[in-house]
Amino acid sequence: MHTEHDWITTPLTAELLRGALDVERTEHGLLPHRLPARARAQNTNAQLAMAEAQPSGVRLAFRTAATAVELDTLRTKRDYAGFPPRPDGLYDLRVDGLPAGQAAGNGGNVLTVDLATFNGEVTPGPVGTVRFTGLPARDKDVEIWLPHNETTELVALRTDAPVAPVPDRGRRVWLHHGSSISHGSDAAGPTAIWPVIAAFRGEVELVNLGLGGSAMLDPFTARAMRDTPADLISVKMGINIVNQDAMRLRAFTPAVHGFLDTIREGHPDTPLLLVSPIHCAIHEDTPGPTAPDRGALGEGRLLFAAMGDPAEKATGKLTLGVIREELSRIVRQRAADDPNLHYLDGLELYGESDAAELPLPDNVHPDAATHRRIGERFGDLAFGEGGAFAPRAGS
């Protein structure tokens, strides 16, 4: 253990962060945001406000010869009333791109959510500390990936050697937007969510706009993507719109076009991949909304059920099957004038046979093993030879 005078405290700034679109100075420190201030100002949804402030894909990145690192944070952990506490969020350490340690968060606030009403109550808690020691005593790139599922205010960074921002390594930037599945749902840690697994496979820098419950074709999200520098862009769309029974086909189709049009205003020629939903048995042919199964809740289990009527497809209500067909059609139509627009069927990432082998534990969200499968498949299909994100000649 180092004594206090061994430590160097480095001011926490945006220059030490990757994967955040904005940072906010709070009374405690630095709060990373995954949507810019203008988008946040236009949002009125509490779930999106919570999701975008959870730093999925966000990491501290610095160059140092330090052998020990301490990070003070004030987290807000989410629990569900009547259920055992959820696992603590994890911090993943990588040194020169390789896994080098993992630590659980501690202290912090607890947001307890009542699943019957979706109301929440916050119990305040103290600042916590995560510590990594035994790092190699040489200059190296260090990344600390923040918990994907806990709001995390960065309070202080201490090391036993000076710190500098990591220089640009020339990697392509991949900007991705999706639902809670892209956010990370029940992955085993911040580098085990499927977009991070795919990003490692593709050797790219990830900016993850996977927003739990909030892949809703919001115009302010499209504008955020339009204004974010990126070499590669993907949009995974469908499940949240069905979950919330938010649109019928009449509104969905022009909303998709509008979302893509807005992205193209800032990225006219960037490879853009539209990804349809993975297999989800309860909504393949049954519209939303989605709601917790009350019988399962009474037994202390969280399962989701489809509350719609399959017959309502005839009046334009959306199912995952309908959305896949429409997204495929939209891409075929637009690709005639946009050769850099591509489509990936989500069933290629996780289909019916995968569901038989690796069922979704709550009927909606993938577990850790399924995140790995989706990430590896996306990496191969998108970044591999012939894929939408395969390196171009001279890139």
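Taken from CG in L360 to CG in D354, the straight-line distance is 10.0 Å, to the nearest 0.5 Å. The line from CD of E265 to CG of D227 is 9.0 Å long, rounded to the nearest 0.5 Å. In this structure, N363 CG and L302 CG are separated by 9.5 Å, a value rounded to the nearest 0.5 Å. Interatomic distance, S276 OG to D345 CG, rounded to the nearest 0.5 Å: 4.0 Å. Note: R248 CZ to T253 OG1 = 14.0 Å, rounded to the nearest 0.5 Å. Between the OG1 atom in T315 and the CZ atom in R250 there is a gap of 14.5 Å [rounded to 0.5 Å].
Remark: side-chain polar atoms of D218 are not paired, donor with acceptor, to backbone N or O of F220 under 3.5 angstrom. Judged by distance alone, the side chain of E312 and the main-chain N or O of D309 form a donor-acceptor pair under 3.5 Å. T112 places no side-chain N or O within donor-acceptor distance of the main-chain N or O of A81, the cut-off being under 3.5 Å. Judged by distance alone, the side chain of R372 and the main-chain N or O of I197 form no donor-acceptor pair under 3.5 Å. Although no hydrogens or angles enter the test, the distance criterion places no donor-acceptor pair under 3.5 Å between the side chain of R392 and the main chain of A390. Checked by atom type and distance alone, the side chain of E205 never pairs as donor or acceptor with a backbone atom of R172 at under 3.5 Å. A distance-only check finds no donor-acceptor pair linking the side chain of D362 to the backbone of F304 [under 3.5 Å]. With hydrogens and angles ignored, the 3.5 Å screen pairs no side-chain donor or acceptor of E24 with any backbone N or O of G29. With H267 contributing its side chain and T270 its backbone, the two residues share no donor-acceptor pair below 3.5 Å. Of the possible donor and acceptor atoms, none in the side chain of K317 sits under 3.5 Å from a partner among the backbone N and O of P310.
No side-chain heavy atom of T9 sits under 4.5 Å from any side-chain heavy atom of T159. Counting heavy atoms from C-beta on, the side chains of V322 and K313 come closer than 4.5 Å. Two residues are said to be in side-chain contact when any heavy atoms from C-beta on lie closer than 4.5 Å; L272 and H342 fail this criterion. Y91 has its side chain within reach of T152: a pair of non-hydrogen atoms, C-beta onward, lies under 4.5 Å apart. Side-chain contact between L318 and P287 is absent, with no heavy atoms from C-beta onward closer than 4.5 Å. Side-chain contact check for D92 versus I144: every heavy-atom pair is 4.5 Å or farther apart. Side-chain atoms of Q42 and R223, non-hydrogen and from C-beta on, do get closer than 4.5 Å to each other. The shortest distance between side-chain heavy atoms of L273 and L341 does not fall below 4.5 Å.
Within a 6.0 Å sphere centred on CZ of R138, heavy atoms belonging to other residues, nucleotides or ligands number more than 12. Shown here is R38, whose CZ atom has no more than 12 heavy atoms of other residues, nucleotides or ligands within 6.0 Å.
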Q) Between F259 and H177, is a ring pair (Phe, Tyr, Trp, His ring centres under 6.0 Å) present by the stated rule, with each step listed? A) CA-CA 11 Å; F259 200 91; H177 173 51; 5.8 Å; yes

Q. Stepwise, does the side-chain contact (heavy atoms from CB on, under 4.5 Å) test hold for V155 with L71?
A. CA-CA 7 Å; V155 178; L71 180 65; over 6 Å; no

Q: Go through T319 and D285 one step at a time and tell me if the side chain to side chain donor-acceptor pair (under 3.5 Å) criterion holds.
A: CA-CA 5 Å; T319 67; D285 298 299; 5.1 Å; no

**Q.** side-chain contact (heavy atoms from CB on, under 4.5 Å) evaluation trace for L93 with V142
**A.** CA-CA 7 Å; L93 176 72; V142 173; 3.6 Å; yes

Q) So L48 and L35, side-chain contact (heavy atoms from CB on, under 4.5 Å) or not? Walk me through it. A) CA-CA 10 Å; L48 174 54; L35 286 176; 4.1 Å; yes

Q. Given L209 and M225, is the side-chain contact (heavy atoms from CB on, under 4.5 Å) satisfied, shown in steps?
A. CA-CA 9 Å; L209 298 188; M225 298 183 73; 3.8 Å; yes

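Using a 4.0 Å cut-off between charged nitrogen and carboxylate oxygen, E70 and R131 count as a salt-bridge pair. Salt bridge R34/D22: absent, no basic N to carboxylate O contact under 4.0 Å. Remark: E203 does not engage R169 in a salt bridge, criterion side-chain N to carboxylate O under 4.0 Å. Salt bridge R63/D141: present, at least one basic N to carboxylate O contact under 4.0 Å. No salt bridge links R377 with E348; every basic N to acidic carboxylate O contact stays at or beyond 4.0 Å. Between R294 and E299, no side-chain nitrogen of the basic residue sits less than 4.0 Å from a carboxylate oxygen of the acidic one, so the salt-bridge criterion is not met. Using a 4.0 Å cut-off between charged nitrogen and carboxylate oxygen, D6 and R158 do not count as a salt-bridge pair. Between E284 and R324, at least one side-chain nitrogen of the basic residue sits less than 4.0 Å from a carboxylate oxygen of the acidic one, meeting the salt-bridge criterion. Note on R226 versus D261: no salt bridge recorded, every NZ/NE/NH1/NH2 to OD/OE distance being 4.0 Å or above.
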Just distance, no hydrogens or angles: give the donor-acceptor pairs under 3.5 Å from side chains in residues 231-242, sequence neighbours left out.
{"residue": "D231", "atom": "OD2", "partner": "V173", "partner atom": "N", "Å": "2.7"}
{"residue": "S234", "atom": "OG", "partner": "W174", "partner atom": "NE1", "Å": "2.8"}
{"residue": "S234", "atom": "OG", "partner": "H176", "partner atom": "ND1", "Å": "2.6"}
{"residue": "N240", "atom": "OD1", "partner": "S214", "partner atom": "N", "Å": "3.0"}
{"residue": "N240", "atom": "OD1", "partner": "A215", "partner atom": "N", "Å": "2.9"}
{"residue": "N240", "atom": "ND2", "partner": "N243", "partner atom": "OD1", "Å": "3.2"}

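Closest approach of L349 to I374, counting heavy atoms only: O-CG1, 3.8 Å. What you find for E52 and L211 is that their closest heavy atoms are CA-CD2, 3.7 Å. Taking both residues in full, the closest heavy atoms of D139 and A65 are given as OD1-CB, 3.5 Å, listed atom of the first, atom of the second, then distance. Residues G19 and V58 share a closest heavy-atom pair of O-CG2, 3.5 Å. The two residues A164 and L16 have their closest heavy-atom pair at C-CD2, 4.3 Å. The shortest heavy-atom contact between M247 and A255 is CE-CB, 3.9 Å.
Proximity of the aromatic rings of W194 and F378 is defined here by a centroid distance below 6.0 angstrom, and this criterion is met. Note: H371 and Y350 fail the aromatic proximity criterion, with ring centroids not under 6.0 Å apart.
With sequence neighbours excluded, no residue forms a side chain to side chain donor-acceptor pair (under 3.5 Å) with E325.
Side-chain contact of T76 with E150: a donor-acceptor pair under 3.5 Å is absent, judged by distance alone.
Under a hydrophobic clustering in which Ile, Leu, Val, Met, Phe, Trp and Tyr are joined whenever their side-chain heavy atoms come within less than 4.5 Å, directly or via other members, V364 and Y80 fall into the same cluster.
In this structure, R94 is positioned above the aromatic face of F200, its NZ or CZ under 6.0 Å from the six-membered ring centre and within 45° of the axis.
Partner L154 forms a side-chain contact (heavy atoms from CB on, under 4.5 Å) with one of D72, V23, L17 and no other, that one being L17. Shown are H365, Q54, H148; of these, the side chain to side chain donor-acceptor pair (under 3.5 Å) with H183 is made only by Q54.
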